[in-house]
Every structure is written in structure tokens, then in C-alpha cells.
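Remember, it's 1-based here, ligands and their atoms both numbered in the order they're listed. Keep in mind the model is a prediction, meaning the values are calculated, not measured.
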Amino acid sequence: MSSDFEANGRVVIIGGGPAGLAAGIALAQLGRRPIVISRIDQASRSRPKIGESLAPRAWPILQRLGIEHLIDDRRHLQSPGTLSSWGHAGLASEDFLFHANGLGWHLDRNRFETELREFAESIGIQAIESTKFRIERAESNGWNIGLESTGKTIFADILIDASGRSAAVAQYEGVRRKVYDRLAAWYAFLESPTPIEDARAMVEARPEGWWYSALLPGGRLVVALFCDPARLAGMNRSMEKWQDSLAETQWTRQRVADGRYQATEPPRVAAADSSILERIGGSNWVACGDAAACYDPLSSHGIATALASGMDAASAVHAALGGDLEPFERYVDRVSRSFSYYFSMRAEVYAQEKRWSDSPFWAARSRIDFEESTC
Ligand SMILES: Cc1cc2nc3c(=O)[nH]c(=O)nc-3n(C[C@H](O)[C@H](O)[C@H](O)COP(=O)(O)OP(=O)(O)OC[C@H]3O[C@@H](n4cnc5c(N)ncnc54)[C@H](O)[C@@H]3O)c2cc1C
């Protein structure tokens with residue numbers, strides 16, 4: 001990042017997910033007026049988000065952003081803990097009850113993002129949605145963003161890349177992503193006239209990967225298999241194959257049967273890789289959230305980390321615009337160190353499951369080396 005910016009330089013954030021909106025809110029709290037631009041097309045508008053869990057550790061981050069009022073049990077569902085069959089055939093329970101930050105939450109993800117965006121707008125942030133736009137380096141020391149929907153061009157001194165896994169700005173800059181584990185999520189939403197009441201998330205290890213299920217606000221159940229992407233070749237949208245795989249589980253199948261759940265539409269596939277950009281930022285740009293680094297959903301880190309890194313990237317940009325580059329260097333270093341710490345913790349958790357060390361899924365996870373990655 002260059003140090004020759006005026007203190008009133010314009011910051012544009014690419015991506016209006018948790019990271020981008022948190023960056024916007026934090027910049028507004030520092031007295032700036034950032035613009036948040038999101039690429040929203042018809043497909044992404046109607047695509048249901050998986051319905052993620054917000055870990056208890058997110059609470060202090062929500063408080064720092066002043067958005068804790070957006071999380072309550074009228075909107076989202078309290079999660080009292082987790083059930084796991086991992087490393088053993090039984091089902092172990094871990095309560096959040098004694099966690100310093102209280103309970104976790106199963107989010108209505110679309111509602112969370114809509115309300116976060118409304119909050120951002122209420123404190124003066126301009127949030128723009130566009131189906132298509134073009135990012136280019138400006139002749140001066142900044143960027144031009146051309147919005148196809150209006151034909152307008154917006155100038156930015158600094159871009160914050162919060163565009164999720166697509167990392168649009170990093171990609172424009174030719175920065176590659178180091179991918180350490182190519183995990184895929186094969187998931188479906190199930191409905192029932194008699195939903196279960198147990199709001200604990202459930203994780204069940206199986207030879208082919210691990211299953212996750214969680215009750216969502218409104219009584220739906222999201223059920224996902226996390227596995228090697230190659231396993232899904234040719235059957236992504238097959239309800240029958242998905243049901244067959246589910247039938248081989250023990251605890252997840254029982255949970256679905258207890259609630260008399262039925263899938264209403266074919267399963268979907270989402271990338272859930274663990275990956276990090278080769279460079280977290282550069283001249284006049286910095287990445288945050290999934291654009292910077294993606295975590296295995298097993299960690300339930302994604303949203304809390306996206307919010308925290310959005311906030312941290314905002315402080316670093318604010319300081320850089322005032323001529324102080326040290327916070328920027330510290331931020332970049334922190335993202336890399338957090339990822340390598342996460343990766344070592346992740347290896348320990350996967351190593352606890354020894355029952356199927358010969359199966360391709362678990363054998364591959366025991367071989368993953370932090371020094372080796374594919375781009
Ligand atoms: C299957 C699965 C399950 C998960 N479960 C959990 C969980 O239980 N708990 C948890 O905490 N995390 C979970 N995560 C991770 C979590 O979803 C992400 O970490 C989090 O959404 C990251 O937020 P973000 O703002 O960085 O990116 P995103 O939420 O991906 O937001 C990116 C934004 O940028 C926009 N955008 C994309 N491309 C462009 C572009 N080219 N230009 C402009 N805008 C663009 C998108 O429209 C979107 O608004 C899960 C992830 C997966 C895949």
C-alpha cells in the first residue's frame with residue numbers, strides 16, 4: 001500500500017457480505033464514508049444461504065461493531081451446544097452454557113445480511129448493488145470501478161476486497177490463492193410438520209467425510225456432507241444419491257427420521273476449501289474475510305473471522321490513509337499467523353478420527369501439509 005494518500009481518501013469495499021459490511025461500519029465509526037459495492041445477480045438473490053452458525057466467540061466482535069441488537073431469538077435460533085460423533089461411535093455433547101460469551105446462534109443468514117446492510121446504510125454508508133462491474137487501475141494512484149447497471153464510474157483511493165472466495169480485486173492483481181484442502185459441501189434443506197426441538201448442531205464423522213446438521217429458524221433442518229469434491233462427480237443434484245448417502249449415517253439419519261424431515265428440493269454443492277491468498281494486500285488494496293483466507297466450516301470460524309478481519313482491515317486502511325502503514329503490516333501478518341494457527345488446530349481435530357485411516361477422505365486429510373499447497 002502506498003503512503004501518499006490524503007486523510008480524506010475514498011475507500012470502496014468490494015463485497016457486501018459480513019466482512020465487507022463490518023469493514024464499512026468500522027470505517028464509518030472512524031469518521032469515513034465508505035462505499036460498499038456488491039455483485040448481486042438474480043441467481044445469487046434466490047440462492048438460499050446454507051444457514052450458518054455464529055460461534056459464541058463472535059459476541060465481543062458484534063459488540064465492538066455495535067450490532068449485537070441484530071442477534072436475538074426473534075430473528076435467529078439460539079444454539080446451546082454441539083453433538084458430535086467424531087473419533088468414536090457414540091454421540092458426545094458439548095454445551096456452550098459455560099462458555100464465557102454465552103450461546104451460539106443458528107443464523108437466518110439472508111436476514112442477518114439484510115439487517116447488517118440496513119444498519120450500515122442507517123449510519124451513512126452507501127451500499128450499491130450491481131449485476132456487473134469492472135475494476136481498473138486509474139491513471140492516478142487509485143481505482144476506477146465501472147458499474148454496468150448505471151453506466152457510472154466510481155473512483156477509489158483504496159479498495160478493500162471483501163468479495164468472498166472469488167477475491168475479485170486480488171484476482172485482478174494476479175494474486176493467486178494457496179489451497180490447502182479442497183473440501184466440498186453437499187447440502188440440502190429439509191422441512192417437517194413436526195420439527196425437532198434440539199437446537200444443538202450435530203457433526204458425525206463417516207468414512208466418506210463428515211455430516212453436519214443444524215436446526216434453522218423456522219424449523220427447517222440443514223443437512224450437509226463435507227467430502228472430497230471428486231466424490232460428487234456426476235451426482236451433485238441427485239436427491240436419490242444424497243438420500244442413499246444419508247441412509248448410511250447413524251445419528252444424522254436418526255435425527256432426520258425423528259423429525260420426519262423431507263427434502264423439498266435437490267441438494268446443492270458449495271466449495272468449502274481451506275485457502276489463503278499468496279498476498280493479503282498490495283498497492284492501494286487489502287483483502288479481508290473469505291477473500292483473504294477461508295476456513296474449514298468444521299471450525300465455525302467463518303463469519304466471526306470475516307467480521308473481525310473486516311474491522312481490522314478497516315482500521316489498517318484508516319491508519320494508512322493518515323500516513324501510518326504499520327497497522328497495515330500488522331494486519332497482513334495477523335491474517336497469515338491466524339491461518340497457520342487455525343491450520344495446525346484443524347490438523348489436530350482431523351487426527352482425532354482414526355477409525356477410517358484407509359479411506360481416501362481421512363487418508364488425504366492426514367497427509368495435508370501446511371508447507372504444500374496448490375494454487
Ligand atoms: C458449506 C459452508 C458452511 C459454512 N458454515 C459456517 C458456519 O456454520 N459458521 C461460520 O461462521 N461460517 C461458516 N461458513 C463460512 C462463512 O460462510 C464465510 O466464512 C463467510 O460468509 C465469509 O464472509 P465474507 O463476507 O468474507 O464473504 P461472503 O459471505 O462470501 O460475501 C462476499 C460478498 O461479495 C459479493 N461478491 C462476490 N463476488 C463478487 C465480485 N466479483 N464483486 C463484487 N462482489 C462480489 C457476494 O455477492 C457477497 O455479497 C461456511 C461456509 C461454507 C461454504
Side-chain angles (χ1 to χ4, degrees), residues 12-24 35-45 47-58 61 76 79 82 104-107 109-110 112-114 116-117 127-135 145-148 159-172 182-188 201-203 209-214 216 222-227 229 267-275 277 287-311 313 335 342:
V12 171
I13 299 161
I14 305 294
L21 290 167
I35 297 177
V36 178
I37 301 179
S38 243
R39 191 185 64 191
I40 305 280
D41 51 27
Q42 207 46 46
S44 61
R45 215 183 278 279
R47 188 181 308 132
K49 299 244 164 120
I50 192 161
E52 284 110 315
S53 308
L54 194 62
R57 66 175 275 265
I61 303 167
H76 309 288
S79 167
T82 54
W105 294 86
H106 297 301
L107 296 182
R109 178 69 195 267
N110 284 331
F112 175 61
E113 269 183 36
T114 302
L116 196 55
R117 182 188 150 105
I128 299 174
E129 289 186 347
S130 185
T131 46
K132 237 181 181 179
F133 57 88
R134 205 184 54 255
I135 299 169
I145 303 117
L147 303 176
E148 199 160 274
L159 288 185
I160 297 184
D161 188 350
S163 60
R165 282 161 200 268
S166 66
V169 183
Q171 218 181 73
Y172 175 85
R182 290 188 190 280
L183 196 65
W186 195 27
Y187 66 99
M202 183 190 281
V203 173
W210 52 274
W211 287 80
Y212 169 84
S213 60
L216 299 177
V222 60
V223 181
L225 168 64
F226 288 87
C227 62
R268 296 165 184 273
V269 175
D273 49 72
S274 291
S275 60
L277 286 180
C288 63
D290 275 13
C294 294
Y295 293 80
D296 190 321
L298 186 61
S299 67
S300 280
H301 263 28
I303 298 177
T305 304
L307 293 169
S309 80
M311 225 165 34
V335 173
Y342 141 79

Requested in this report: Might you confirm whether atom CZ of Arg165 has over 12 heavy atoms from other residues, nucleotides or ligands at distances under 6.0 Å?
Outcome: yes
Query raised in the report: Any N or O of Ala306 that comes nearer than 3.5 Å to an N or O of ligand 1?
Result: no
Query - Any Asp296 side-chain heavy atom under 4.5 Å of Phe226 side chain - result: no
Report summary line: If we number the atoms of ligand 1 from 1 as shown, the ones under 4.0 Å from a heavy atom of Ala271 are 53 (C)
Report summary line: A student checking ligand 1 against Gly289 at a 4.0 Å heavy-atom cut-off should list atoms 26 (O)
Report task. Check each of Ile145, Asp290, Leu116 against atom 19 (O) of ligand 1 and report the one with the nearest heavy atom. Result -> Asp290
Query raised in the report: Does a side-chain N-to-carboxylate-O contact under 4.0 Å join Arg109 and Glu113?
Result: yes
Report summary line: So the atoms of ligand 1 within less than 4.0 Å of a heavy atom of Gly17 turn out to be 25 (O), 31 (O), 33 (C), 49 (O)
Query raised in the report: How does Phe226 reach ligand 1, if at all, at less than 4.0 Å between non-hydrogen atoms: by side chain, backbone, both, or neither?
Result: side chain
**Report entry** Under 3.5 Å: N/O of Pro18 near N/O of ligand 1
**Finding:** yes
Query raised in the report: Below 3.5 angstrom, do we get any N/O pair linking Arg165 and ligand 1?
Result: no
Query raised in the report: Which word best sums up how the rings of His301 and Tyr295 line up, parallel for under 30°, tilted for 30 to 60°, or perpendicular for over 60°?
Result: tilted
Report task. Run down the list Glu113, Arg39, Arg109 and name the one with the heavy atom closest to atom 29 (O) of ligand 1. Result -> Arg109
Report task. With the side chain counted from C-beta on, respond yes when Arg57 and Thr305 share a heavy-atom pair under 4.5 Å apart, and no when they do not. Result -> yes
Report task. Please examine the side chains of Phe133 and Ile14, heavy atoms only from C-beta on, and report whether any two atoms are closer than 4.5 Å. Result -> yes
Query raised in the report: Under 3.5 Å between some N or O of ligand 1 and some N or O of Ile37?
Result: no
Query raised in the report: Hey, which atoms in ligand 1 end up nearer than 4.0 Å to a heavy atom of Ala162?
Result: 32 (C), 33 (C), 34 (O)
**Report entry** Where ligand 1 meets Ser53 - atom numbers and elements under 4.0 angstrom, heavy-atom basis
**Finding:** 7 (C), 8 (O), 9 (N), 10 (C), 11 (O)
Query raised in the report: Just wondering, do Ile37 and Val12 contact through their side chains at under 4.5 Å, heavy atoms?
Result: yes
**Report entry** Side-chain touch Ile145/Leu159, heavy atoms, less than 4.5 angstrom
**Finding:** yes
Query - Atoms in ligand 1 flagged as close to Ile14, the criterion being non-hydrogen separation under 4.0 Å - result: 42 (N), 43 (C)
Query - Nearest neighbour of atom 37 (C) of ligand 1 from the list Ala272, Ser163, Ala292, Cys294, on a heavy-atom basis - result: Ser163
Query raised in the report: Roughly how far, to the nearest 0.5 Å, is the CZ atom of Phe112 from the CG atom of Leu107?
Result: 6.0 Å
Query raised in the report: Counting each atom of ligand 1 from 1 as listed, which ones have a heavy atom of Ala185 under 4.0 Å away?
Result: 1 (C)
**Report entry** Numbered atoms of ligand 1 (with element) below 4.0 Å of Phe133, judged on heavy atoms
**Finding:** 42 (N), 43 (C)
Report summary line: One should read off an interatomic distance between Leu307 CG and Ile61 CD1, to the nearest 0.5 angstrom, of 6.5 Å
